[in-house]
Amino acid sequence: MSTHVCVCHRVDEDEIVSWIRRGVVTIDGLGEYCDAGTGCSDCHEMLEELIEDFWTDDVALRAEPEAPIGSH
């Protein structure tokens with residue numbers, strides 16, 4: 001079990017990294033796909049670090065996945 005990065009919405013590191021690897025490489029994008037960073041924003045620094053750590057050239061070439069059903 002990984003650590004919650006976004007405590008407000010109980011989004012853990014594994015889920016965030018999964019979205020980054022699928023091409024969601026902005027804080028706004030992560031907020032749209034998994035709600036991370038849309039509460040108090042204390043996690044923004046950690047989200048930026050994860051994006052930097054897991055954004056590879058391969059990821060940069062991918063388009064963001066379609067927005068999930070029921071997204072805001």
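The first residue of the sequence shown is numbered 1, and numbering continues consecutively from there. Every value quoted in this text rests on a predicted model; they were computed, and no experiment measured them.
In this structure, Cys8 and Cys40 approach most closely via the heavy-atom pair SG-N, 3.5 Å. Nearest heavy atoms, Gly31 versus Thr38: CA-CG2, 3.5 Å. Residues Ile20 and Trp55 approach most closely at CG2-N, 4.1 Å, considering heavy atoms. Pairing each heavy atom of Val24 with each of Gly29, the nearest pair is CG1-C, 3.2 Å.
Val17 pairs by the side-chain contact (heavy atoms from CB on, under 4.5 Å) definition with Glu13, Arg21, Leu50, Phe54, not counting sequence neighbours. With sequence neighbours excluded, the residues that form a side-chain contact (heavy atoms from CB on, under 4.5 Å) with His44 are Ile27, Ser41, Leu47.
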Could you check Leu30 against Ile16 for side chain to side chain contact (heavy atoms under 4.5 Å, CB included), going step by step and ending with a plain yes or no?
-> CA-CA 7 Å; Leu30 289 169; Ile16 292 165; 4.0 Å; yes
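For the atom pair SG (Cys34) and NE2 (His9), the distance works out to 9.5 Å, reported to the nearest 0.5 Å. Expressed to the nearest 0.5 Å, how far SG of Cys6 lies from CE of Met46 amounts to 12.0 Å.
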